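Down below is the structure, laid out as structure tokens.
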Amino acid sequence: MIKKSFSYIGVVFLSFFSLLPTQFLYLISAFCYYILYYLVGYRKKVVRENLVNSFPEKSLEEIIIIEKRFFRYFADLTMEVIKMSSISEKEVLKRVKFKNLHLVEAHFNKGESVLACTGHYGNWEWGMLALGIHLSKTAYVIYKPLNNKIFDNWFLKMRSKYGNVCVPMRQTLRMLTSKKNEASMFCFASDQSPVQGEAHYWLNFLNQDTSALLGLEKIAMQTNRPIFYFKLTYLKRGYYEVECVPICPVPKETKEHEITDIHFKFLEQIINEEPSYWLWSHRRWKTKRQNAS
């Protein structure tokens, strides 16, 4: 009961906090960076380990530069996510621009559905908000529910405020079946780590043995829906571009695991170009091969 009460208080506080002007939130972000990095050291060990293992060719000095840039951006990202609670449609449209969305709409105009994938790179949350505004059909965004139901409901309300429908991971097939006669887009954040026991495919990603979710590939092979990658680019503080990149027009013509390899390679290329904006604080490689020596 006490935990539940604190959760409600937290949601109310964050909702009011989001009403502050965006530029003022960025001033707070600059202060939070020093707290997170120098005083608290939030997941600093995880971030350092992930960076060192992902870029073995880089010196410690280079790793620390990326690390600090990441924490600066992570503080900004935290404020931007909080801002979602009150951000207006006008401000979303000003801050997130789409490129080549007409390629997706061309399929909708023919009554066809598509699949989309992206990674936890840049502000994927604002990217999805803007998608809901721009897209002529419904975007069904696959997500992993939070354990805290109060905060999970708060996030769902924010994520769906401009037209998106959020679908829990385990209900994906059910929702897909119910919408099979409707032109739509199902969106996947495919760089998440499978839990131990559900890791059935491994690949080399950022110089590490990496388990991969196969949901996107399985659905693509079953439905033959073309796949787009949403490439998010950080333009400047608080401003982004999302490019819709076709990565697999005819899934049934691909070999087993080819789709998974394609979108992981694409994400890897994006990260290598500018590593500071990927979610390095995530324990991405906590799942290990059970038969590893």
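Residue numbers run from 1 in the order of the sequence given. Keep in mind that this is a model prediction, so the values were computed, not measured.
Counted by atom type alone, Trp202 and Thr210 present zero donor-acceptor pairs between their side chains at under 3.5 Å. Side-chain atoms of Ser7 and Trp154 include no donor-acceptor pair closer than 3.5 Å. Asp209 and Trp285 are not linked by any side-chain donor-acceptor pair at a separation below 3.5 angstrom, with hydrogens and angles left out of the test.
The number of heavy-atom neighbours closer than 6.0 Å to NZ of Lys137, taken from other residues, nucleotides and ligands shown, is 12 or below. In Lys218, the NZ atom is not crowded: 12 or fewer heavy atoms of neighbouring residues, nucleotides or ligands sit closer than 6.0 Å. Taking a 6.0 Å sphere around OH of Tyr38, one finds it holds more than 12 heavy atoms contributed by other residues, nucleotides or ligands.
Contact annotation: the side chain of Met185 approaches that of Val104 to within less than 4.5 Å [non-hydrogen atoms, C-beta and beyond]. Contact of the Leu60 side chain with the Arg48 side chain is registered, since non-hydrogen atoms from C-beta on lie closer than 4.5 Å. Residues Phe205 and Leu267 have side chains in contact (heavy-atom distance under 4.5 Å, counting atoms from C-beta outward). No side-chain heavy atom of Val242 sits under 4.5 Å from any side-chain heavy atom of Lys99. Taking the side chain as every heavy atom from C-beta outward, Met79 and Cys32 approach each other to under 4.5 Å. For the pair Leu173 and Ile219, the minimum side-chain heavy-atom distance is below 4.5 Å. Residues Pro251 and Ile259 have side chains in contact (heavy-atom distance under 4.5 Å, counting atoms from C-beta outward). Within the 4.5 Å cutoff, side-chain heavy atoms of Val11 are placed close to those of Ile150.
Summarising the geometry, atom OG belonging to Ser281 is positioned 14.0 Å from atom NZ belonging to Lys44; distances are rounded to the nearest 0.5 Å. Distance check, rounded to the nearest 0.5 Å: CE of Met128 to CG of Leu232 gives 8.5 Å. Between the CD1 atom in Ile64 and the CZ atom in Phe70 there is a gap of 15.5 Å [rounded to 0.5 Å]. The CD atom of Glu217 sits 9.0 Å away from atom CD1 of Ile262, with the distance rounded to the nearest 0.5 Å. In this structure, Leu36 CG and Ser29 OG are separated by 8.5 Å, a value rounded to the nearest 0.5 Å. From His107, atom NE2 reaches atom CD of Glu112 across 6.0 Å, with rounding to the nearest 0.5 Å.
Identified under the side-chain hydrogen bond (donor to acceptor under 3.5 Å, both in side chains) test for residues 83-92, with sequence neighbours left out: Ser18-Ser86, Thr22-Glu91, Glu91-Arg95. The side-chain hydrogen bond (donor to acceptor under 3.5 Å, both in side chains) contacts involving residues 233-247 comprise Tyr73-Tyr240, Asp76-Arg237, Glu80-Tyr240, where partners must be two or more places apart or lie in separate chains. Annotation: ring-ring contact (aromatic ring centres under 6.0 Å, His included) contacts involving residues 171-194, sequence neighbours excluded, comprise Tyr140-Phe186. Pairs of residues two or more places apart, or lying in two chains, never qualify as salt bridge (charged side-chain N to carboxylate O under 4.0 Å, His left out) while including a residue from residues 7-22.
Using a 30° and 60° split on the angle between ring planes, Trp278 and Trp280 fall in the perpendicular class, above 60°. Ring orientation note: the planes of Phe71 and Phe74 are nearly perpendicular, at an angle over 60° on the 30°/60° scale.
At distances below 3.5 Å, not a single donor-acceptor pair connects side-chain atoms of Glu125 with backbone N or O atoms of Met84. The backbone N or O of Gly119 lies less than 3.5 Å from no partner atom in the side chain of Asp191, so there is not a single donor-acceptor pair.
Nearest heavy-atom pair, Cys248 versus Thr254, reported as atom, atom and distance to 0.1 Å: SG-CG2, 3.6 Å. Nearest heavy-atom pair across Tyr26 and Gly238 is OH-CA, 3.0 Å. Taking every heavy atom of both residues into account, Glu62 and Glu57 meet most closely at OE1-O, 4.5 Å. The two atoms that bring Cys117 and Ile247 nearest to each other are SG-CD1, 4.0 Å, heavy atoms only. The two residues Arg159 and Cys166 make their nearest non-hydrogen contact at CB-SG, 3.6 Å. Pairing each heavy atom of Gly132 with each of Asn164, the nearest pair is CA-OD1, 3.2 Å.
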Step-by-step side chain to side chain contact (heavy atoms under 4.5 Å, CB included) determination, Ile87 to Lys161: CA-CA 10 Å; Ile87 194 168; Lys161 66 190 293 184; 4.3 Å; yes
Verdict with supporting geometry, Ser190 and Gln192, side chain to side chain donor-acceptor pair (under 3.5 Å): CA-CA 6 Å; Ser190 299; Gln192 292 177 309; over 6 Å; no
Trace of the side chain to side chain contact (heavy atoms under 4.5 Å, CB included) decision for Asn272 with Glu268: CA-CA 6 Å; Asn272 282 325; Glu268 184 177 61; 3.6 Å; yes
Check against side chain to side chain contact (heavy atoms under 4.5 Å, CB included), Ser113 and Glu182: CA-CA 7 Å; Ser113 294; Glu182 168 190 307; over 6 Å; no
Derivation of the side chain to side chain contact (heavy atoms under 4.5 Å, CB included) call for Ile66 and Lys58: CA-CA 10 Å; Ile66 298 171; Lys58 295 187 183 295; 3.8 Å; yes
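Scored by the side chain to side chain contact (heavy atoms under 4.5 Å, CB included) test, Tyr201 finds Leu203, Ala212, Leu214, His257, Thr260, Asp261 as partners (sequence neighbours excluded). Residues meeting the side chain to side chain contact (heavy atoms under 4.5 Å, CB included) test with Glu273, sequence neighbours left out: Lys231, Gln269.
Under the 4.5 Å side-chain contact rule for hydrophobic residues, Val165 and Leu135 share a cluster. If you chain together hydrophobic residues whose side chains sit under 4.5 Å apart, Phe17 and Leu19 never meet in one group. Residue Leu216 is not grouped with residue Tyr143 when hydrophobic side chains (ILVMFWY) are merged at heavy-atom distances under 4.5 angstrom, including chains of intermediate members. Follow the hydrophobic side-chain contacts under 4.5 Å out from Leu103 and you reach Val245 in the same cluster. Cluster annotation: Ile35 is not connected to Val46 through the hydrophobic network of ILVMFWY side chains, with a link wherever side-chain heavy atoms come within less than 4.5 Å.
Ring centers of His134 and Phe98: under 6.0 Å apart, within the cut-off.
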